Trainee: 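I have a structure here, written as structure tokens, and I will follow up with some questions on it.
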Amino acid sequence: MNTSDETRNKDNVVDIFSGKSLSKLDDERIIRLSPELDGLEMLYSNDASDGRMFSLQVLCWGLKASGEVVGLVPWLNQIMSCPELCDPLNGHWEGYYDPGIDDVFEEPPIHKVVELETAADYYEYQCENATDIIQEVPDTIGTHAILSADGFQSLTLSEVISWRLYFDGSIVGMLADQDKVISTPILPGDECLYPAQDNPKFKYFFQHHIANKIKSQDPEAIAAISLLVEDEGV
């Protein structure tokens with residue numbers, strides 16, 4: 001079978017969960033990451049914001065198999081592409097923001113595009129398994145995972161050490177198993193790390209300022225947790 005036949009077959013097969021063709025899903029697969037180190041943010045709004053916009057720090061930039069570059073942020077229980085943001089209150093992406101120069105823009109920084117394209121060409125991996133590790137980058141924005149086994153009656157906040165990219169394009173946050181820590185500091189690739197999503201107690205990711213509010217029992221943060229609990233039907 002030639003390449004064009006394979007492409008047509010993928011176009012004709014639709015994933016029942018996303019409604020997208022297999023070729024479209026393959027194009028959206030993340031193949032390379034670059035950490036955001038200059039403090040750029042994502043702006044978003046929602047139907048309940050009354051015209052206000054909110055911001056989150058961009059974790060990293062991702063290069064898709066299609067060649068598109070997007071900002072990525074921890075969002076609820078996954079990593080989300082900024083332009084594809086889906087908020088429980090019908091929120092949507094408004095653009096990227098550089099607080100240093102107070103500038104809002106829609107296209108990724110050109111230096112990140114060049115970096116990702118160059119790195120992808122240099123590190124051209126040939127993998128056989130979907131779970132082969134392509135890359136692991138450190139968390140630079142203080143992300144925490146919230147863990148709970150009793151319907152949020154008690155909570156544990158665990159620092160995300162790194163983010164691991166697999167060949168199938170999935171990205172997981174890596175937590176430290178304290179029973180397996182041998183030395184500190186804990187760095188990406190340490191044998192004590194495991195994917196947050198593999199922990200049955202894992203619920204959501206939060207950036208450090210929200211995590212700190214949760215730790216201090218801030219009323220607004222606790223109210224936000226309550227809304228998430230209601231959405232889950234706990």
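Only a predicted model underlies this, so the values are computations on that prediction, with no experimental measurement involved.
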Trainee: Could you grab the distance from atom CG of Leu33 to atom CG of Leu116, nearest 0.5 Å is fine?
Mentor: 8.0 Å
Trainee: Less than 4.5 Å apart, any side-chain heavy atom of Leu85 and any of Met42?
Mentor: yes
Trainee: Decide yes or no on side-chain contact (heavy atoms from CB on, under 4.5 Å) for Asp27 and Arg29, but give the supporting numbers first.
Mentor: CA-CA 6 Å; Asp27 283 345; Arg29 179 170 56 92; over 6 Å; no
Trainee: Would you call Leu175 and Val160 a side-chain contact if the rule is heavy atoms closer than 4.5 Å?
Mentor: yes
Trainee: So Phe167 and Thr131, do their side chains get closer than 4.5 Å, heavy atoms only?
Mentor: no
Trainee: Give, for atom CD of Glu191 and atom CD1 of Ile182, the distance between the pair rounded to the nearest 0.5 Å.
Mentor: 6.5 Å
Trainee: Short question: side chain of Asp190, backbone of Cys192 - any donor-acceptor pair under 3.5 Å?
Mentor: yes
Trainee: With a 4.5 Å limit on heavy-atom distance, are the side chains of Ser148 and Thr156 in contact?
Mentor: no
Trainee: About how many Å separate CG of Leu72 and CH2 of Trp163, when rounded to the nearest 0.5 Å?
Mentor: 10.0 Å
Trainee: Shared ILVMFWY cluster between Tyr194 and Phe202, side chains joined below 4.5 angstrom?
Mentor: yes
Trainee: Output the distance between atom CD1 (Ile79) and atom CD1 (Ile30), rounded to the nearest 0.5 Å.
Mentor: 10.5 Å
Trainee: Following the transitive rule for hydrophobic clusters with a side-chain heavy-atom cut-off under 4.5 Å over Ile, Leu, Val, Met, Phe, Trp and Tyr, establish whether Trp93 and Val58 coincide in one cluster.
Mentor: yes
Trainee: With rounding to the nearest 0.5 Å, note down the distance linking OG1 in Thr118 to CZ in Arg32.
Mentor: 10.5 Å
Trainee: For Gly39, does its backbone N or O pair with a side-chain atom of Glu36 as donor and acceptor, under 3.5 Å?
Mentor: yes
Trainee: Working to the nearest 0.5 angstrom, can you tell me the gap between Gln135 CD and Ser34 OG?
Mentor: 8.0 Å
Trainee: Could you check whether any side-chain heavy atom of Pro99 comes within less than 4.5 Å of a side-chain heavy atom of Glu41, counting everything from C-beta outward?
Mentor: yes
Trainee: Is there a side-chain contact between Leu43 and Ser55 (heavy atoms, below 4.5 Å)?
Mentor: yes
Trainee: Could you tell me whether a side-chain N or O of Glu94 sits under 3.5 Å from a main-chain N or O of Met53, the two making a donor and an acceptor?
Mentor: no
Trainee: Linking I/L/V/M/F/W/Y whenever their side-chain heavy atoms sit closer than 4.5 Å, directly or via other members, would Tyr122 and Val69 fall into one cluster?
Mentor: yes
Trainee: Look at the side-chain heavy atoms of Ile, Leu, Val, Met, Phe, Trp and Tyr, link any pair under 4.5 Å apart, and say whether Ile161 and Leu37 land in one connected group.
Mentor: no
Trainee: Would the distance check show the side chain of Asp38 and the main-chain N or O of Leu40 forming a donor-acceptor pair, the cut-off being under 3.5 Å?
Mentor: no
Trainee: For Tyr166, is there any backbone N or O sitting under 3.5 Å from a side-chain donor or acceptor partner on Ser170?
Mentor: no
Trainee: Over all heavy atoms of both residues, which pair between Leu193 and Pro188 is shortest? Give the atoms and the distance, please.
Mentor: CD1-CA, 4.2 Å
Trainee: Decide, yes or no, whether a salt bridge links Arg164 with Glu136 under the criterion of side-chain N to carboxylate O below 4.0 Å.
Mentor: yes
Trainee: Is a side-chain N or O of Asp198 found less than 3.5 angstrom from the main chain of Pro195, in a donor-acceptor match?
Mentor: no
Trainee: So, for Tyr96 and Pro108, which heavy atoms are closest and what is the spacing to 0.1 Å?
Mentor: CE1-N, 4.2 Å
Trainee: I need the minimum non-hydrogen distance between Gln197 and Ile171, along with the two atoms involved.
Mentor: NE2-O, 3.7 Å
Trainee: Side chains of Cys82 and Val73: does their closest heavy-atom pair fall under 4.5 Å?
Mentor: yes
Trainee: Please work out whether the ring planes of Tyr123 and Tyr125 are parallel, tilted or perpendicular, with thresholds of 30° and 60°.
Mentor: parallel
Trainee: Any heavy-atom pair between the side chains of Asp139 and Leu59 that's under 4.5 Å?
Mentor: yes
Trainee: Is a side-chain N or O of Lys112 found less than 3.5 angstrom from the main chain of Pro35, in a donor-acceptor match?
Mentor: yes
Trainee: For residues Met80 and Gln78, report the shortest heavy-atom separation together with the two atoms involved.
Mentor: CE-NE2, 3.6 Å
Trainee: Checking Asp102 now: which residues fulfil side-chain hydrogen bond (donor to acceptor under 3.5 Å, both in side chains) with it, not counting sequence neighbours?
Mentor: Tyr97
Trainee: Are Leu147 and Val172 connected in a single hydrophobic cluster, I mean Ile/Leu/Val/Met/Phe/Trp/Tyr linked by side-chain heavy atoms less than 4.5 Å apart?
Mentor: no
Trainee: Just by modelled atom types, is the Ala119 backbone N or O under 3.5 Å from a matching donor or acceptor in the Glu117 side chain?
Mentor: no
